[in-house]
Amino acid sequence: MVLAQGERHGYAIMKQVEIDSGGRVKMGPGTLYGSLKRMLEAGLVQESDRRDPEDERRVYYRITAAGQKALDAELQRYREVVALANRTPRLHGEAYAT
């Protein structure tokens with residue numbers, strides 16, 4: 001989801017995940033780069049030509065068309081799960097009301 005907002009390098013991705021989650025998710029480098037590797041192999045993200053003039057070692061990543069399509073499908077799946085939970089009384093407290 002972070003890369004759908006624009007190109008980022010690894011550390012910026014980790015920081016944005018933390019911000020977007022309100023501090024509840026702190027992604028470490030192993031998790032991030034393992035995920036990026038799998039997404040690169042699946043064609044969901046790709047390395048960008050962009051480089052940081054202050055640190056040439058930083059690799060920027062961007063979402064691909066296939067990645068955007070996969071993200072859209074996943075977001076739709078989440079919407080459907082939330083809609084189901086909202087229609088299920090025991091999942092949102094109605095069964096416990098007094």
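Only this structure's heavy atoms are used, side chains among them; waters, hydrogens and symmetry mates stay out.
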Exercise. Any side-chain heavy-atom pair from Y61 and E47 closer than 4.5 angstrom?
Worked result: yes
Problem set entry | Minimum heavy-atom distance between V25 and S21, given as atom pair plus value | N-OG, 2.9 Å
Problem set entry | Residue from L71, I63, D20 passing side chain to side chain contact (heavy atoms under 4.5 Å, CB included) with M1 | L71
For this session: Apply salt bridge (charged side-chain N to carboxylate O under 4.0 Å, His left out) to E56 and R51, showing your working.
Result: CA-CA 6 Å; E56 288 288 323; R51 291 294 178 257; 5.0 Å; no
Exercise. Taking only residues two or more places apart in sequence, or in another chain, which ones meet R57 in a side-chain hydrogen bond (donor to acceptor under 3.5 Å, both in side chains)?
Worked result: D55
Problem set entry | Results of side-chain hydrogen bond (donor to acceptor under 3.5 Å, both in side chains) for Q68 - residues two or more places apart only | D72
Exercise. What is the distance from atom CD of Q16 to atom CD of Q5, rounded to the nearest 0.5 Å?
Worked result: 5.0 Å
Exercise. Would a hydrophobic clustering, with Ile, Leu, Val, Met, Phe, Trp and Tyr connected at side-chain separations under 4.5 Å, put L3 with Y60?
Worked result: no
Exercise. Between I19 and V2, is there a shared hydrophobic cluster once you connect ILVMFWY residues whose side-chain heavy atoms come closer than 4.5 Å?
Worked result: no
Exercise. Can you name the closest pair of heavy atoms from G43 and T64 and give their distance?
Worked result: O-OG1, 2.6 Å
Exercise. Is the side chain of S48 donor-acceptor paired with the backbone N or O of R62 at a distance under 3.5 Å, no angle test?
Worked result: no
Problem set entry | Non-neighbouring partners of E80 that pass side-chain hydrogen bond (donor to acceptor under 3.5 Å, both in side chains), sequence neighbours left out | Q76
Problem set entry | side chain to side chain contact (heavy atoms under 4.5 Å, CB included) partners of L32, counting only residues at least two apart | I13, M14, M27, L36
For this session: Measure across D52 and R58 and return the closest heavy-atom pair with its distance rounded to 0.1 Å.
Result: OD2-NH1, 3.1 Å
Seminar exercise, completed: residues 23-44 vs ring pair (Phe, Tyr, Trp, His ring centres under 6.0 Å), sequence neighbours excluded, gives none
For this session: Go through the structure and list residues passing side-chain hydrogen bond (donor to acceptor under 3.5 Å, both in side chains) with K15, not counting sequence neighbours.
Result: E18
